[in-house]
Amino acid sequence: MSQHHSSWAVEVGSIASIAIRVHVTFLILLVWLVFASGSANPLREGVLISAVFGCVLAHELGHALIARRFGIQTRDITLYPFGGIASITSQPAPWAELGIAFAGPLVNVLIALALLPFVGFPVPAGAQPLPGFLEKLFAANVALALFNLLPALPMDGGRVLRALLALLHVGRPTRIAALVSRGICLMMVAAALYLRQPMLLIVAVIIAIGAEQERLRADTRTIASAFTAADVMVPRHKLESIPHGTTISQALRIALTSLQPLYLVTMGDEPLGIAFREDILEHAATQPDEYISAIAMRSLPRIEGETRLDQALATLEEGQCHVANVSQGGEFVGLLVADRIADFLIMKEIKGSPHTDDETEWPTPL
């Protein structure tokens, strides 16, 4: 599945196959720090900012490495003004979430401890004092550790709070953590207005949006847990099929007269894969005589029809795929399409649907 990253985040590289992205607001913060410092030595400020950038990245890599120890992979890391978010591929159990959430602040604590011998101690007579940026870097790591432990989603402290609530068997832990987050954000907004700190206001708004997204995901998961993959799949008899020997120019005629976004590519009576309408339109001008099978997506996850919908969605997330084959008794019976699931759940939420006190988790950013 192609990842739908924020248009406000820019990819700057990768580490250990993890894409590193920087949110525009993070860059704004760095520029603001340079000008707000009023330093006569912008080069030293640039070094300090780069060092802080590295500490924030190390914080997120701490999450990713501990998540890997629990068998959970990280797709990407996005850096924000309040820290960062490492997008993991599956939701950890509460004990694992505790360990993963604490890993980031622990990295900052370890960096601060490593800098401690060089900070705040008198230097021998005649010795050159250490550069001031070490003290600032020490303070930045302490601040990162403490700030990220605020009990507000989607920050580390909010995830710790949610994990503890789950371990204590408190119902709907994400909703409670989101409510706590809302209160903290309101206090941050008040402090930002009183202190006239626009950057704090921006951070509060970003955290509030993240907390609301977490709450919406939790509510959606609660609804999804009441249905199965078979309830939402597109049945085979409703899928338009294209034989694998059809050329792209021939398939174009179908694509131009059909609003269906994807088609089942078959070999005889057996499904071979799927072809997206957009791909047919794109390749029609350059590869009109190529067979449709050349652009068909074949490696699709397979999900049993009786699989609970929230678990099926987790499978789609882990496989980074929009579509999955649905089978019953080993026989292909339909396709599970992510967009259709989203529409289905929205309609169920509007109409009202079964609710339970438990939240069934699926992958969310950490």
Undergrad: Over all heavy atoms of both residues, which pair between Leu336 and Ala312 is shortest? Give the atoms and the distance, please.
TA: CD2-CB, 3.6 Å
Undergrad: So which atom in Val109 and which in Ala145 form the shortest heavy-atom distance, rounded to 0.1 Å?
TA: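 What the structure gives for the nearest pair is CG2-CB, 4.0 Å.
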Undergrad: When rounded to the nearest 0.5 angstrom, what distance separates OH in Tyr291 from CD in Gln250?
TA: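 Reported value, rounded in 0.5 Å steps: 9.0 Å.
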Undergrad: Can you tell me how far CZ of Phe332 sits from CZ of Arg236, rounded to the nearest 0.5 angstrom?
TA: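 With rounding to 0.5 Å, CZ (Arg236) is 6.0 Å from CZ (Phe332).
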Undergrad: Would you find a donor on one side and an acceptor on the other, under 3.5 Å apart, between the side chain of Asp231 and the backbone of Thr228?
TA: yes
Undergrad: Using a 3.5 Å distance criterion without hydrogens, assess whether the side chain of Thr246 forms a donor-acceptor pair with backbone atoms of Ile242.
TA: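 Not at all, since once roles are kept as given, no pair shorter than 3.5 Å links the two residues.
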Undergrad: Can you tell me if Arg277 uses its side chain to pair, donor with acceptor, with the backbone of Tyr263 under 3.5 Å?
TA: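 No: the side chain of Arg277 does not pair with the backbone of Tyr263.
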Undergrad: How long is the straight-line distance from CE of Met155 back to CZ of Phe147, given to the nearest 0.5 Å?
TA: 4.0 Å
Undergrad: Check step by step if side-chain hydrogen bond (donor to acceptor under 3.5 Å, both in side chains) holds for His59 and Asp156.
TA: CA-CA 11 Å; His59 174 112; Asp156 301 332; 2.9 Å; yes
Undergrad: Checking the side chain of Glu270 only, and the main-chain atoms of Met267 only, is there a donor and an acceptor separated by less than 3.5 Å?
TA: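 Such a contact is absent between Glu270 side chain and Met267 backbone.
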Undergrad: How close do Ala178 and Leu153 get, counting heavy atoms only, and between which atoms?
TA: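 Smallest heavy-atom distance, with atoms named: N-CD1, 4.0 Å.
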Undergrad: Looking only at heavy atoms, which two atoms of Pro92 and Ala96 are closest? And how far apart?
TA: CB-CB, 3.6 Å
Undergrad: For residues 328-338, which residue pairs qualify under side chain to side chain donor-acceptor pair (under 3.5 Å), counting only residues two or more places apart or in two chains?
TA: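 Listed once each, the pairs would be none.
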Undergrad: Judged by atom type as modelled, is there a donor-acceptor pair below 3.5 Å linking the side chain of Glu304 to the main-chain atoms of Glu306?
TA: no
Undergrad: Check for a donor-acceptor pair, side chain of Ser249 on one end and backbone N or O of Pro288 on the other, with a separation under 3.5 Å.
TA: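 At least one qualifying donor-acceptor pair exists.
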Undergrad: Does any N or O in the side chain of Arg302 come within less than 3.5 Å of the main-chain N or O of Ser327, such that one atom is a donor and the other an acceptor?
TA: no
Undergrad: Would the Phe227 and Phe344 ring centres measure less than 6.0 Å apart?
TA: yes
Undergrad: If every non-hydrogen atom of Leu79 is compared with every non-hydrogen atom of Val56, which pair is closest and at what distance?
TA: CD2-CG1, 3.5 Å
Undergrad: Taking Asp279 for the side chain and Ala275 for the main chain, is one N or O donor matched with an acceptor at less than 3.5 Å?
TA: no
Undergrad: Can you list the residues that meet the salt bridge (charged side-chain N to carboxylate O under 4.0 Å, His left out) rule with Arg215, with sequence neighbours excluded?
TA: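 If we apply the salt bridge (charged side-chain N to carboxylate O under 4.0 Å, His left out) test to Arg215, skipping adjacent residues, the hits are Glu212, Asp219.
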Undergrad: Checking Ser181 side chain against Ala177 main chain: does a donor-acceptor pair fall under 3.5 Å?
TA: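 It does hold such a pair.
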Undergrad: Between His63 and Pro105, which heavy-atom pair has the shortest distance, and what is it?
TA: CE1-CD, 4.3 Å
Undergrad: Without swapping roles, check the side chain of Thr74 against the backbone of Asp76 for a donor-acceptor pair under 3.5 Å.
TA: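 Judged by distance alone, no pair lies under 3.5 Å.
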Undergrad: Can you establish whether the number of heavy atoms outside Phe138 located under 6.0 Å from its atom CZ is more than 12?
TA: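 It does: Phe138 CZ has more than 12 such atoms within range.
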